[in-house]
Amino acid sequence: MDTDEDENDPSPSSVGLFRSALRWWNDIAASHGHRVAACRLASEVWEFARDSTPQRRRLRYGDAEFDWDHRVNTTSGSVGWRHRLWGVFHSPYQPTEAALFHEMLSALRAQTSCNFRDFVFLDLGSGKGRALLMASDYPFRRIVGVELLPELHRVAVENLTNYKSENQKCFALQSICADALGFDFPAEPIVLYLFNPLPKAGLRRVIANLEQSLRSHPRKAYVIYHNPLLEHVLSEHTAWKKIGGTHQYVMYEA
Ligand SMILES: C[S@@+](CC[C@H](N)C(=O)[O-])C[C@H]1O[C@@H](n2cnc3c(N)ncnc32)[C@H](O)[C@@H]1O
């Protein structure tokens, strides 16, 4: 497993740490005013500083069991400060917990009796690729992840090569380094996995892109939304029907 893979790497600058911070500020200031933006910034900086202590860092390594079992590096513990700071203004990298992932996929199969062999599994905001690896234990037609940060994408590519699992059923895995906002959905039946990668405006855009794609090429699509802080973006659309979930995730069908 890599250690602080990005301590000497300036890659967040390629997606603009300063620009990200500025956009974050402008979004909040536009809807809530400068005072609220300043308070939120202070609170985020405080949380970031707390999260940088050795004790908190050790806690982040608590998610490394999956890596140990499968010879990969998907822990958030080894993400260095620049990428974590970038995460403050976008969505911080955090891998999906394995037990919960399998619970979500079992629930989807039970609810829909969909045949995974017909579907492409898409993870928008795929980070180091843990959800892609776990999805490969199911017989998906193929599996695609889209990650904005080049450094996380690079680790994901290594993970796709190194992954060892006796349960692996899908071997067509791909990580793409790109902005999910501009992603062109493939014209195949889709299971879309979202673990809170985007703010409200971004999520709206991605769902609108998917709806447009479904109008152009009618087909089945399901969304599994983990930690559904912005569930209303789906529930407010009649095009989407809720088919299950718990307080940890929701599932929608197009
Ligand atoms: C909470 S993590 C989820 C990681 C992964 N899906 C998993 O479940 O293990 C969210 C990820 O979204 C990425 N992200 C944020 N904004 C993005 C965007 N516009 N396009 C693609 N990825 C993005 C972040 O860099 C981060 O890796």
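Only a predicted model underlies this, so the values are computations on that prediction, with no experimental measurement involved. First listed ligand is number 1; within each ligand, the first listed atom is number 1.
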**OP:** Any salt bridge (Lys or Arg N to Asp or Glu O under 4.0 Å) involving residues 205-221? Give me the pairs, sequence neighbours left out, ordered by first then second residue.
**Re:** Lys220-Glu253
Original post:
Tell me, which residues have any heavy atom less than 4.0 Å from some atom of ligand 1?
Top reply: Trp86, Ser91, Pro92, Tyr93, Gln94, Pro95, Thr96, Asp123, Gly125, Ser126, Gly127, Ala131, Val146, Glu147, Leu148, Leu152, Ala178, Asp179, Ala180, Tyr193, Phe195, Pro197, Leu198
Original post:
Under 4.0 Å between a Lys/Arg side-chain N and an Asp/Glu carboxylate O for Glu44 and Arg40?
Top reply: no
In a table with atom names and distances, give each donor-acceptor pair under 3.5 Å that connects a side chain of residues 181-199 to protein atoms at least two apart or in another chain.
unit_1	atom_1	unit_2	atom_2	d
Glu188	OE1	Arg141	NH1	3.2
Glu188	OE1	Arg142	NE	3.3
Glu188	OE2	Arg142	NE	3.1
Glu188	OE2	Arg142	NH2	2.6
Tyr193	OH	Thr96	OG1	2.6
Tyr193	OH	His226	ND1	3.0
Asn196	OD1	Tyr225	OH	3.1
Asn196	ND2	Asn227	O	2.5

Subject >> NZ/NE/NH1/NH2 to OD/OE distance under 4.0 Å, Glu231 and Lys242 >> reply: yes
Subject >> SB check Arg204 Glu236 (cutoff 4.0 Å) >> reply: yes
N/O donor to acceptor pairs below 3.5 angstrom from side-chain atoms of residues 111-119, sequence neighbours left out:
unit_1	atom_1	unit_2	atom_2	d
Thr112	OG1	Leu108	O	2.7
Thr112	OG1	Cys114	N	3.1
Asn115	OD1	Arg117	N	3.1

